[in-house]
Undergrad: 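Here it is, the structure in full.
These numbers were taken from a predicted model, which means no experiment stands behind them.
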Amino acid sequence: MINLSFKRSQKTGILTLSGELLASYVTDFKSALMIALDNSERLIVSFKKVTKLDKAYIQMLCIAINISKSLKKHLIFNSDSLKQKIREHCINCSPGCSFFEKRACLLQA
(Lines give C-alpha, C1' and ligand atoms only; values in the text may rest on other atoms or scores of the structure.)
Protein backbone atom coordinates (compact mmCIF):
# COMPACT_ATOMS: atom_id res chain seq x y z
CA MET A 1 0.00 0.00 0.00
CA ILE A 2 1.14 3.55 -0.71
CA ASN A 3 0.79 6.50 1.62
CA LEU A 4 1.04 10.02 0.21
CA SER A 5 1.25 13.33 2.03
CA PHE A 6 1.81 16.84 0.72
CA LYS A 7 2.98 19.89 2.66
CA ARG A 8 3.80 23.33 1.33
CA SER A 9 5.84 26.18 2.70
CA GLN A 10 5.81 29.30 0.54
CA LYS A 11 6.83 28.14 -2.99
CA THR A 12 8.30 24.76 -1.97
CA GLY A 13 6.22 21.62 -1.65
CA ILE A 14 7.18 18.26 -0.17
CA LEU A 15 5.44 15.14 -1.43
CA THR A 16 6.26 12.28 0.94
CA LEU A 17 5.79 8.72 -0.24
CA SER A 18 5.85 5.69 2.02
CA GLY A 19 5.03 2.04 1.71
CA GLU A 20 5.09 -0.10 -1.41
CA LEU A 21 5.14 1.77 -4.71
CA LEU A 22 3.59 -0.81 -7.01
CA ALA A 23 1.92 -0.56 -10.41
CA SER A 24 -1.55 -0.73 -8.88
CA TYR A 25 -0.91 2.63 -7.14
CA VAL A 26 0.62 4.60 -10.05
CA THR A 27 -2.63 6.49 -10.71
CA ASP A 28 -2.77 7.66 -7.07
CA PHE A 29 0.82 8.87 -7.31
CA LYS A 30 0.25 10.65 -10.63
CA SER A 31 -2.79 12.50 -9.21
CA ALA A 32 -0.88 13.53 -6.08
CA LEU A 33 2.12 14.59 -8.16
CA MET A 34 0.04 16.81 -10.44
CA ILE A 35 -1.67 18.49 -7.47
CA ALA A 36 1.70 19.02 -5.79
CA LEU A 37 3.25 20.47 -8.97
CA ASP A 38 0.27 22.78 -9.45
CA ASN A 39 0.74 24.11 -5.92
CA SER A 40 4.54 24.45 -5.85
CA GLU A 41 7.29 26.15 -7.81
CA ARG A 42 9.78 23.70 -6.35
CA LEU A 43 8.72 20.16 -5.40
CA ILE A 44 10.72 17.72 -3.32
CA VAL A 45 9.57 14.10 -3.57
CA SER A 46 10.75 12.09 -0.57
CA PHE A 47 11.19 8.32 -0.86
CA LYS A 48 12.79 7.80 2.54
CA LYS A 49 9.98 5.57 3.83
CA VAL A 50 9.49 3.55 0.64
CA THR A 51 9.83 -0.18 1.21
CA LYS A 52 9.33 -1.42 -2.35
CA LEU A 53 9.53 0.19 -5.79
CA ASP A 54 8.61 -1.45 -9.09
CA LYS A 55 9.34 -0.58 -12.70
CA ALA A 56 5.96 1.13 -13.27
CA TYR A 57 6.94 3.76 -10.71
CA ILE A 58 10.38 4.20 -12.21
CA GLN A 59 8.79 4.91 -15.58
CA MET A 60 6.29 7.30 -13.95
CA LEU A 61 9.14 9.17 -12.25
CA CYS A 62 10.89 9.61 -15.60
CA ILE A 63 7.63 10.98 -17.03
CA ALA A 64 7.34 13.27 -13.98
CA ILE A 65 10.67 14.87 -14.89
CA ASN A 66 9.31 15.72 -18.35
CA ILE A 67 6.06 17.05 -16.88
CA SER A 68 7.90 19.27 -14.41
CA LYS A 69 10.17 20.64 -17.16
CA SER A 70 7.18 21.46 -19.36
CA LEU A 71 5.54 23.28 -16.42
CA LYS A 72 8.83 25.07 -15.65
CA LYS A 73 8.84 23.60 -12.15
CA HIS A 74 11.87 22.36 -10.23
CA LEU A 75 11.49 18.69 -9.23
CA ILE A 76 13.84 17.07 -6.73
CA PHE A 77 13.87 13.40 -5.77
CA ASN A 78 15.09 13.03 -2.18
CA SER A 79 16.48 9.54 -1.77
CA ASP A 80 19.91 8.07 -1.30
CA SER A 81 18.80 4.66 -2.52
CA LEU A 82 16.58 5.67 -5.46
CA LYS A 83 19.31 5.52 -8.12
CA GLN A 84 20.35 2.06 -6.93
CA LYS A 85 16.75 0.85 -7.15
CA ILE A 86 16.55 2.29 -10.67
CA ARG A 87 19.71 0.45 -11.70
CA GLU A 88 18.24 -2.77 -10.29
CA HIS A 89 14.87 -2.45 -12.05
CA CYS A 90 15.27 -0.40 -15.21
CA ILE A 91 17.34 -1.91 -17.97
CA ASN A 92 16.41 0.99 -20.28
CA CYS A 93 18.33 3.70 -18.41
CA SER A 94 21.12 3.87 -20.92
CA PRO A 95 21.89 5.49 -24.26
CA GLY A 96 19.10 4.54 -26.63
CA CYS A 97 16.33 5.00 -24.06
CA SER A 98 14.12 7.96 -25.01
CA PHE A 99 14.21 9.28 -21.43
CA PHE A 100 18.01 9.11 -21.40
CA GLU A 101 18.27 10.89 -24.74
CA LYS A 102 15.93 13.68 -23.57
CA ARG A 103 18.03 14.05 -20.38
CA ALA A 104 14.93 13.02 -18.43
CA CYS A 105 16.40 9.78 -17.09
CA LEU A 106 16.37 9.55 -13.32
CA LEU A 107 20.02 8.51 -13.37
CA GLN A 108 20.84 11.89 -14.91
CA ALA A 109 18.57 13.94 -12.60
Undergrad: Pick from T16, N39, L33: which one makes a side-chain contact (heavy atoms from CB on, under 4.5 Å) with F6?
TA: N39
Undergrad: To the nearest 0.5 Å, what is the distance between CZ on R42 and OG on S68?
TA: 12.5 Å
Undergrad: Remaining members of I44's ILVMFWY cluster at a side-chain heavy-atom cut-off under 4.5 Å?
TA: I14, I76
Undergrad: Can you tell me how far the CD1 atom of I35 sits from the CG atom of L43, to the nearest 0.5 Å?
TA: 12.0 Å
Undergrad: Closer than 3.5 angstrom, by distance alone: can the side chain of T51 be matched with the main-chain N or O of G19 as a donor-acceptor pair?
TA: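 Flag set: sc T51 to bb G19 pair under 3.5 Å.
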Undergrad: Using a 4.5 Å cut-off on heavy atoms from C-beta on, say whether the side chain of I67 contacts that of L37.
TA: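 L37 vs I67: side chains touch.
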Undergrad: What pair of heavy atoms forms the shortest contact from A32 to L15, and how long is it?
TA: CB-CD1, 4.2 Å
Undergrad: Considering all heavy atoms of both residues, which atom of D54 and which atom of A23 are nearest to each other, and what is their separation?
TA: OD2-N, 2.7 Å
Undergrad: At what distance, to the nearest 0.5 angstrom, does OG of S24 lie from CE of M1?
TA: 10.5 Å
Undergrad: Which residue pairs pass the salt bridge (charged side-chain N to carboxylate O under 4.0 Å, His left out) test when at least one of the two sits in residues 14-37, sequence neighbours left out?
TA: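 Found none.
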Undergrad: Any heavy-atom pair between the side chains of Y57 and V26 that's under 4.5 Å?
TA: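 V26 vs Y57: side chains touch.
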Undergrad: Mind listing the closest non-hydrogen atom pair of F77 and I65 along with its distance?
TA: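 Taking F77 first and I65 second, the nearest heavy atoms are CE1-CG1, 3.7 Å.
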Undergrad: Using 0.5 Å steps for rounding, measure from the CD1 atom of I2 to the CG atom of L21.
TA: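 I2 atom CD1 to L21 atom CG measures 4.5 Å (nearest 0.5 Å).
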Undergrad: Go through the structure and list residues passing salt bridge (Lys or Arg N to Asp or Glu O under 4.0 Å) with E41, not counting sequence neighbours.
TA: K73
Undergrad: Looking only at heavy atoms, what is the nearest atom pair of T12 and S40, with distance?
TA: C-OG, 4.3 Å
Undergrad: To the nearest 0.5 Å, how far apart are OH in Y25 and CG in L17?
TA: 13.5 Å
Undergrad: Got L22 and K52 here, is their nearest side-chain heavy-atom distance under 4.5 Å?
TA: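 L22 reaches K52 side chain to side chain.
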